[in-house]
2 protein chains.
Amino acid sequence: MATGRTHRPATRSRGIPEATVARLPLYLRALTALSERSVPTVSSEELAAAAGVNSAKLRKDFSYLGSYGTRGVGYDVEYLVYQISRELGLTQDWPVVIVGIGNLGAALANYGGFASRGFRVAALIDADPAMTGRQVAGIAVQHSDDLEKIISDNGVSIGVITTPPGVAQQVCDRLVAAGVTSILNFAPTVLSVPDGVDVRKVDLSIELQILAFHEQRKAGEEHEGTAPPVAAHQDSSEQGPDGDVPAVMPA
Amino acid sequence: MATGRTHRPATRSRGIPEATVARLPLYLRALTALSERSVPTVSSEELAAAAGVNSAKLRKDFSYLGSYGTRGVGYDVEYLVYQISRELGLTQDWPVVIVGIGNLGAALANYGGFASRGFRVAALIDADPAMTGRQVAGIAVQHSDDLEKIISDNGVSIGVITTPPGVAQQVCDRLVAAGVTSILNFAPTVLSVPDGVDVRKVDLSIELQILAFHEQRKAGEEHEGTAPPVAAHQDSSEQGPDGDVPAVMPA
DNA sequence: CCATCTTTGTGCACGCGTTCACAAAGACAT
DNA sequence: ATGTCTTTGTGAACGCGTGCACAAAGATGG
């Protein structure tokens, strides 16, 4: 699924475009891999290939951070790892709570990617009394009655919601009221939050539906022969896969 | 965020912008809820509020599908549900395989959102012999040796990868070779696939890092008097995601 | 049948993001 | 030093997506 964010288009974080921010973790991962192999420097071309992006885009992205490269040589891997980490705020500890310890919540609690980058699962919270006290990923599940206290005691500012959709909004409200200002939402619900609170959404069902759309399109296009690199332009002879009314008119 | 897509800028699906396609599932969900409450018609304003988007954007999105509204009245809920479902290809059955039945794979297998919209978990596949035969979500796990046969026997075109990152690319290669043309990747790896294969990426770690970035920015702006008039007043646009910045992945 | 009211559909302008293409900057050899 | 070679950093152009604002279309009432 995809992602959506609650964000004001005007407030460009600090000159760093949102699209660039979204790619920084990608670069960081590639750089970390290089660092582990003790590679000292890397060119924009190589790094771009490793991250799966265009090299011009990568250079422009880095230019927003500053001039950290050396012309004729490339970028110092360790230095760049540090700069990106700092920019992303990963040099500090981020306590995170996960609310809703079902299958998905448990999976996230066990997910190694959290701890590896400054994120620490501070608490697991569930509304089911039967869950309270049970160990998941080595952490005891706490009851949601104590949500506010848990948030404030641990100084949590990031919350992950993996509850059923019906209670997601109310959990969200309580998290926000308790001081959480960033939310990662896995429930298939549109959350409404006050200004100043960021919400990112991960929706599995939506991701699949987008794939299905393209899949259907591919299936319906099978008269196109052997993959011509570019299909001219507006296909006027296009038809709905199941023979229905095409209905699409380009603006 | 979580999504990356293999974007072919030239092959614009069929006049329907990618951004619109990504929102259709959102509208569909809101419409389904209305349908269950037997609401006959809905205005663009109401539906937009329910989906958390701007009403002008919603109308423009629908205009790509055709003129399905009635001026002065709004949109017929049932009819719109059908049209969007058809456009997304949800009127047909999509068998899906999940490869890598760890915590996350099991969570996905149990996820109700799959079956609810034409997606059917056709098989669960894992490389660990100890997993083979075990029931997860009522489905017997099969060994990865049989991957190719499973794909072809079930006519699977959509694969979900929830393996450790180390083996994700090779699993991907086998899926593609066996005929899969759409992949939903949960492994923190940049997959390389041939043209014609769509990849969408969901990366939990990246989502958190993006949140951390904004969180840090918020914290750092608290006592800063510098420049930004923008930071002071948040926009008055209320709730709801007003933008969607997908992280674009390469093919 | 005409007037009014509601809501859609869209032309237009604007801004963000991507990409190209190249000058500037440094490394390196002679 | 000077020239050559590599690679960065960025100016500029372009295309996509968003949102405004309004005319067209239909409903509704008199």
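A note on names: the letters A, B, ... follow the listed sequences, proteins ahead of strands, and every chain is numbered from 1.
Listed here is the closest heavy atom pair of A/A22 and B/I206: O-CG2, 4.2 Å. For A/K218 against B/V197, the heavy-atom pair with the smallest separation is NZ-CA, 4.1 Å.
Considering A/S35, A/P40, A/S38 in turn, A/S35 is the only one that fulfils the side chain to side chain contact (heavy atoms under 4.5 Å, CB included) rule with A/V77. Checking each of A/T189, A/L175, A/V199 against A/I161 for a side chain to side chain contact (heavy atoms under 4.5 Å, CB included) leaves exactly one that passes, namely A/L175.
Of the residues in residues 30-38 of chain A, not one places a heavy atom less than 4.0 Å from an atom of DNA chain C. Of the residues in residues 71-86 of chain A, those placing a heavy atom less than 4.0 Å from an atom of DNA chain C are A/R71, A/V73, in numerical order.
Atoms CZ (B/R59) and P (D/dG17) sit 19 Å apart, rounded to a whole Å. Distance A/L65 CG to D/dT10 P: 12 Å, rounded to the nearest Å. As rounded to whole Å, 17 Å separates atom C1' of D/dT6 from atom CG of A/L47. Rounding to whole angstrom units, CD of residue A/E46 and P of D/dT6 are separated by 14 Å. One interatomic measurement links the two molecules: CG of A/N54 to P of C/dC20, which rounds to 6 Å at whole-angstrom precision. Regarding A/L58, its CG atom lies at a distance of 16 Å from the P atom of C/dG17, rounded to whole Å. Rounded to an integer number of Å, the gap from CZ of A/F62 to P of D/dT7 is 16 Å. Atom OH of B/Y68 is separated from atom P of C/dT10 by 13 Å (rounded to the nearest Å).
Among residues at least two apart or in separate chains, side-chain hydrogen bond (donor to acceptor under 3.5 Å, both in side chains) pairs with a member in residues 160-169 of chain A are A/Q169-A/D173.
Looking at A/K60, its side chain comes within 3.5 Å of the base of C/dT19 through a donor and an acceptor atom.
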Table please: side-chain donor-acceptor pairs of residues 66-73 of chain A below 3.5 Å, with sequence neighbours left out.
unit_1	atom_1	unit_2	atom_2	d
A/Y68	OH	A/L65	O	3.3
A/Y68	OH	A/Q83	OE1	3.0

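Picking from C/dG17, D/dT8, C/dA21 the nucleotide with the shortest atom distance to the side chain of A/A56 gives C/dA21. The side chain of A/E18 sits closest to C/dG17 out of C/dG17, D/dG17, D/dT18. Ranking C/dT8, D/dG17, C/dG9 by closeness to the B/S63 side chain, first place goes to C/dG9.
With sequence neighbours excluded, no residue forms a salt bridge (Lys or Arg N to Asp or Glu O under 4.0 Å) with B/R59. Take B/R117 and apply the salt bridge (Lys or Arg N to Asp or Glu O under 4.0 Å) test, not counting sequence neighbours, and it matches no residue.
Side-chain nitrogen and oxygen atoms of A/K57 include at least one within less than 4.0 Å of the OP1 or OP2 phosphate oxygen of C/dT19. Between B/T70 and D/dG26 there is no side-chain N or O to OP1 or OP2 distance below 4.0 Å.
For the pair B/I16 and A/F213, the minimum side-chain heavy-atom distance is below 4.5 Å.
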